[in-house]
Amino acid sequence: MTDVLPQPDCSLQAVCEPLALEEPGSKRPPNTGARLWGRVRSRLLRHKLDPQTVETKNWHTDVIEMNGIKVEFSMKFTSRDMSLKRTPSKKQTGVFGVKISVVTKRERSKVPYIVRQCVEEVEKRGIEEVGIYRISGVATDIQALKAVFDANNKDILLMLSDMDINAIAGTLKLYFRELPEPLLTDRLYPAFMEGIALSDPAAKENCMMHLLRSLPDPNLITFLFLLEHLKRVAEKEPINKMSLHNLATVFGPTLLRPSEVESKAHLTSAADIWSHDVMAQVQVLLYYLQHPPISFAELKRNTLYFSTDV
């Protein structure tokens with residue numbers, strides 16, 4: 001994970017966005033902002049792939065200059081086990097960091113209110129937004145939404161209607177990321193990894209459906225709800241550029257991750273930051289996204305014929 005810290009007098013967006021809107025007759029080319037931001041991203045990626053940079057824990061300062069505009073930024077790299085770490089929580093109020101079973105029981109709902117409202121808002125006015133779920137929302141907006149949902153503020157719906165759609169999408173991702181354990185659970189993680197690796201289609205189908213049946217009801221119902229939403233988003237791929245694979249790449253490592261014990265067992269050096277497990281996590285979600293509609297009732301009906309032990 002890359003932490004980027006622009007210098008106090010230089011916000012990347014503040015510098016780049018106005019430049020992109022300059023009049024054609026100005027001295028500076030009108031696309032300077034976009035090109036400058038492209039160079040910043042390229043520089044970040046190049047350092048991200050540099051083993052020596054990955055090994056160091058120090059901040060790295062860099063400067064990029066174009067057409068008289070200078071951007072200075074600092075960055076450092078945080079290992080995957082730290083950036084994706086879930087902190088055990090005994091919190092019972094609010095929704096972030098609270099077990100999904102606790103939230104649904106308190107709300108007397110099948111799917112957490114925050115999930116339903118964010119999905120509804122995205123489908124209402126963001127389903128055709130280019131890069132929806134891939135493009136990050138403004139961090140302060142996301143934190144504001146988080147606070148409102150945690151407080152169960154009566155102005156939630158009004159705030160959602162006025163908020164940038166990428167912030168709402170980011171809030172939904174943050175909710176799943178901050179669950180005390182992944183939506184697809186720590187217990188079933190090794191079985192999901194084994195199931196997706198099966199080469200026989202029939203065996204894989206049986207295993208992957210059996211694993212869904214093994215999830216707690218609140219987790220399963222919420223997962224199926226999210227699954228159908230992401231499929232609807234992907235139907236607009238010609239407009240929003242978000243394919244099923246793109247969505248699986250965004251959500252896979254959030255919904256399905258190894259427990260802290262599993263992570264420590266696998267991450268033995270900084271070179272393991274990008275674990276091969278990430279590809280499998282993406283493939284698991286992609287499998288379900290590409291699968292014909294999955295019915296909760298049908299899954300539960302078939303439970304009679306399967307053991308629930310994995």
Side-chain angles (χ1 to χ4, degrees), residues 1 78-92 94-105 110-112 114-116 118-119 133 142 146 149 169-197 207-230 244 247-267 272-289 291 294 296 299 308-310:
M1 176 181 170
T78 306
S79 63
R80 179 175 177 271
D81 59 326
M82 293 302 295
S83 63
L84 301 183
K85 185 176 180 180
R86 295 176 187 269
T87 304
S89 172
K90 296 181 180 179
K91 180 183 173 188
Q92 297 298 310
V95 293
F96 283 83
V98 180
K99 288 183 178 181
I100 195 167
S101 58
V102 172
V103 173
T104 52
K105 183 177 180 179
K110 293 182 177 180
V111 176
I114 181 174
V115 176
R116 288 182 282 122
C118 288
V119 163
Y133 288 120
I142 293 173
K146 175 183 177 180
F149 275 110
T171 302
L172 181 63
K173 291 189 294 181
L174 182 65
Y175 169 73
F176 285 117
R177 193 159 59 244
E178 291 195 357
L179 284 174
E181 73 167 347
L183 188 64
L184 299 186
T185 74
D186 290 331
R187 180 178 72 89
L188 294 177
Y189 180 80
F192 275 111
M193 294 297 97
E194 293 173 10
I196 198 63
C207 179
M208 299 302 278
M209 292 303 109
H210 174 50
L211 288 170
L212 287 187
R213 283 189 288 271
S214 303
L215 287 169
D217 283 0
N219 298 56
L220 175 56
I221 295 172
T222 300
F223 178 66
L224 295 179
F225 179 82
L226 179 65
L227 210 58
E228 292 309 307
H229 165 61
L230 295 179
L244 290 176
L247 292 165
T249 301
V250 171
F251 278 92
T254 296
L255 303 178
L256 185 72
R257 295 211 298 267
S259 65
E260 195 170 341
V261 174
E262 287 271 337
S263 297
K264 288 181 179 177
H266 287 90
L267 293 171
D272 291 324
I273 289 175
W274 298 285
S275 167
H276 69 279
D277 276 11
V278 172
M279 294 181 63
Q281 292 157 13
V282 171
Q283 288 303 312
V284 167
L285 182 54
L286 184 60
Y287 179 87
Y288 291 122
L289 285 171
H291 196 280
I294 302 169
F296 174 80
L299 281 172
T308 55
D309 292 324
V310 177

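The number of heavy-atom neighbours closer than 6.0 Å to NZ of Lys110, taken from other residues, nucleotides and ligands shown, is 12 or below.
Interatomic distance, CG of Leu247 versus CG of Leu286, reported as 10.0 Å (0.5 Å rounding). Rounding to the nearest 0.5 angstrom, the gap separating the CG atom in Leu179 from the CZ atom in Arg257 is 9.5 Å. For the atom pair Arg187 CZ and Leu215 CG, the distance stands at 8.5 Å (nearest 0.5 Å). Residue Phe225 holds its CZ atom at 15.0 Å from CZ of Phe296, rounded to the nearest 0.5 Å. Taken from CD in Glu228 to CG in Leu289, the straight-line distance is 9.0 Å, to the nearest 0.5 Å. Note that CG of Asp217 is 9.5 Å distant from OG1 of Thr104, once rounded to the nearest 0.5 Å.
Taking all atoms of both residues into account, the shortest heavy-atom contact from Tyr133 to Lys173 is O-NZ, 2.6 Å. Taking both residues in full, the closest heavy atoms of Leu184 and Phe192 are given as O-CE1, 3.7 Å, listed atom of the first, atom of the second, then distance. In terms of heavy-atom proximity, Cys207 sits nearest to Gly195 at SG-CA, 3.6 Å. Closest of all the heavy-atom pairs between Ile142 and Gly170 is CD1-CA, 3.9 Å. When all heavy atoms are compared, the tightest approach of Pro253 to Ala248 is CD-O, 4.0 Å. In terms of heavy atoms, Val103 sits closest to Val95 at CG1-CG1, 4.0 Å.
Listed for the Arg116 side chain is a donor-acceptor partner under 3.5 Å among the backbone atoms of Val111. Judged by distance alone, with hydrogens and angles left aside, the side-chain atoms of Thr222 form no donor-acceptor pair with the main-chain N or O of Asn219 at under 3.5 Å.
Counting only heavy atoms from C-beta outward, the side chains of Leu244 and Leu285 never approach each other to under 4.5 Å. Ile114 places a side-chain heavy atom less than 4.5 Å from the side chain of Thr171. The shortest side-chain heavy-atom distance between Pro258 and Gln281 falls under the 4.5 Å cut-off. When side chains are defined from C-beta on, Met193 counts as touching Leu256, because their heavy atoms get closer than 4.5 Å. Side-chain contact check for Ile100 versus Tyr175: some heavy-atom pair is nearer than 4.5 Å. Val284 places none of its side-chain heavy atoms less than 4.5 Å from the side chain of Leu211. Residues Lys105 and Pro218 have side chains not in contact (no heavy-atom distance under 4.5 Å, counting atoms from C-beta outward). Side-chain contact between Tyr288 and Leu224 is absent, with no heavy atoms from C-beta onward closer than 4.5 Å.
Here Phe149 and Phe96 keep their ring centres 6.0 angstrom or further from each other. Ring to ring, His229 and Phe251 are not that close: their centroids are 6.0 angstrom or more apart.
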*Stepwise, does the side-chain contact (heavy atoms from CB on, under 4.5 Å) test hold for Arg177 with Leu174?*
CA-CA 5 Å; Arg177 193 159 59 244; Leu174 182 65; 3.4 Å; yes
*Check the pair Met208 / His291 against side-chain contact (heavy atoms from CB on, under 4.5 Å), numbers first and verdict last.*
CA-CA 11 Å; Met208 299 302 278; His291 196 280; over 6 Å; no
